[in-house]
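Residue numbering restarts at 1 for every chain, and letters A, B, ... go by the order of the sequence lines. The structure displayed is predicted, hence computed values, not measured ones.
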2 protein chains.
Amino acid sequence: MTSDPIQTPRNSYRHGDLRGALLQAGLDMAREGGPDAVVLREATRRAGVSPNAAYRHFADRQALLHAVSNAALGMVADRIQVEVDAVATGPDPRADAHAQLRAVGEGYIAFAREDPGLFRAAFSVPDNLQNANDAAKAGEAGLTPFQQVGRALDALLAAGALTAERRQNAEFLAWSAVHGLGMLVIDGPLRGLDERMIRSATDRLLDMVERGI
Amino acid sequence: MTSDPIQTPRNSYRHGDLRGALLQAGLDMAREGGPDAVVLREATRRAGVSPNAAYRHFADRQALLHAVSNAALGMVADRIQVEVDAVATGPDPRADAHAQLRAVGEGYIAFAREDPGLFRAAFSVPDNLQNANDAAKAGEAGLTPFQQVGRALDALLAAGALTAERRQNAEFLAWSAVHGLGMLVIDGPLRGLDERMIRSATDRLLDMVERGI
DNA sequence: CTTAGAATGTGTACACTGTCCACAATGGCA
DNA sequence: TGCCATTGTGGACAGTGTACACATTCTAAG
């Protein structure tokens, strides 16, 4: 397969939105091959532009990868939001809060399974707590995945399902569990397990989080 | 720093143990730069041999990386074993079993923190359940990390601290939690947290596993 | 002990990558 | 209108993985 989307040859010297085009190309490449597959030159090729043009918008390959990572995290947030929004709220705020936290986990794992390449790309760039709430990593709702977990935990606290002490830094625990499962499912020992096994593992993992947080 | 270990220029045409030398070089590179830093040509350079010589021992770069990954997993196993062996056994087999499981987690996290590059390399190669017990991934005690978790869980079962039903596939849960924490600590949002924070997160995570498994 | 052939290492070559530098086209603003 | 900051181009270089043909050495069969 050649690298040729329908891409009109561009009639003006300027591209118009090269940065966006490169990012999109990067996302496409990451989707099919993970972080290692995002290649600067190939991105410029897909954008119909010379290799060096990329350097007007990204300091280097790593910077492009970083942008891809951020965008992918935004997609994770969107996928999570789908699950969260689908939660039917009932009369019991406690149950609602639990369901919300589970939904976050479900969305996270769903994204990892549906788009393993993007998932790996999302976490291929070293990060830290300061940047975890960077708006560039947010989904359409304006929240980063990390913040979504936080919201769900806040809801648990508000519903009285969690003491203030346990609430403290609980995102680390929930996040670790779900992130670990995601990694193991896409290219760890759990890879290739059938749907049923993975569903079961996910359910039990979320049980563990609920019970153990 | 140039790439020049004391490496005698080798007087015979044959190397003697080129495969081993390449693997060692790969491990060295992985240690300082993670999986992406393991470069075929550089490995041959360090072994004092021409680039193509590597192909007599590894099908391609990926094969070398795979070998590095396996060896690194063996080191994880060794690090875990140190913690497990350090557990003082008491009169209560139940408490002992719990302590053993915690030790596995502690060792895992310790390795990730002490050797993040090797840790990342260890999990950079797609794997699956069939291979999780491959002897090539085992440490000196002959167990792979995955098997070590299994042993600890078996001990919990034997001590009556876990029902047979809960024991089933419990490695997935424990592994996910610990693996996730490891990843987040070395280059996720938890990166750069101070010693105390990480200790606390580890302790609470292991609490969660004990309680929630 | 010789010698054929299997193992192992070398040399040359190619396509591809990231990135640097000097130059060209363009668009907006004084 | 004309200047100049922005954005894209062209050419170049070092470094990478890997293929192919060739050289050296070890080993085992006669």
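Between H15(A) atom NE2 and dG27(C) atom C1' there is a gap of 17 Å when expressed in whole angstrom units.
Listed by chain and number, the residues in a side chain to side chain contact (heavy atoms under 4.5 Å, CB included) with A99(A) are V87(A) (sequence neighbours excluded). Listed by chain and number, the residues in a side chain to side chain donor-acceptor pair (under 3.5 Å) with Q168(A) amount to none (sequence neighbours excluded). Partners of A155(A) according to the side chain to side chain contact (heavy atoms under 4.5 Å, CB included) rule, which considers only residues two or more places apart in sequence or in another chain, are A97(A), Q100(A).
Counting 5' to 3', DNA chain D first comes under 4.0 angstrom of a heavy atom of chain B and last does so at the ends given by dT16(D) to dC26(D).
No salt bridge links E210(A) with R211(B); every basic N to acidic carboxylate O contact stays at or beyond 4.0 Å.
Each ring-ring contact (aromatic ring centres under 6.0 Å, His included) pair with one or both residues in residues 115-151 of chain A, not counting sequence neighbours, appears once here: Y108(A)-F119(A), F119(A)-F123(A), F119(A)-H179(A), F123(A)-H179(A), F146(A)-W175(A).
Judged by distance alone, the side chains of Q148(B) and Q81(B) do bring a donor and an acceptor atom under 3.5 Å apart.
Across all non-hydrogen atoms, the minimal contact from L143(A) to A77(A) is O-CB, 3.4 Å.
Summary of the strand contacts: R14(B) and A54(B) both lie near DNA chain C, and taking for each the nucleotide with the nearest heavy atom, the more 5' one is attributed to R14(B).
Between L18(B) and L22(B) there is a side-chain heavy-atom pair separated by less than 4.5 Å.
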* Asked: Can you give one letter per nucleotide of nucleotides 16-24 of chain C, 5' to 3': B if a protein heavy atom sits under 4.0 Å from the base, S if only from the sugar-phosphate, - if neither?
  -> -SBBBB--B
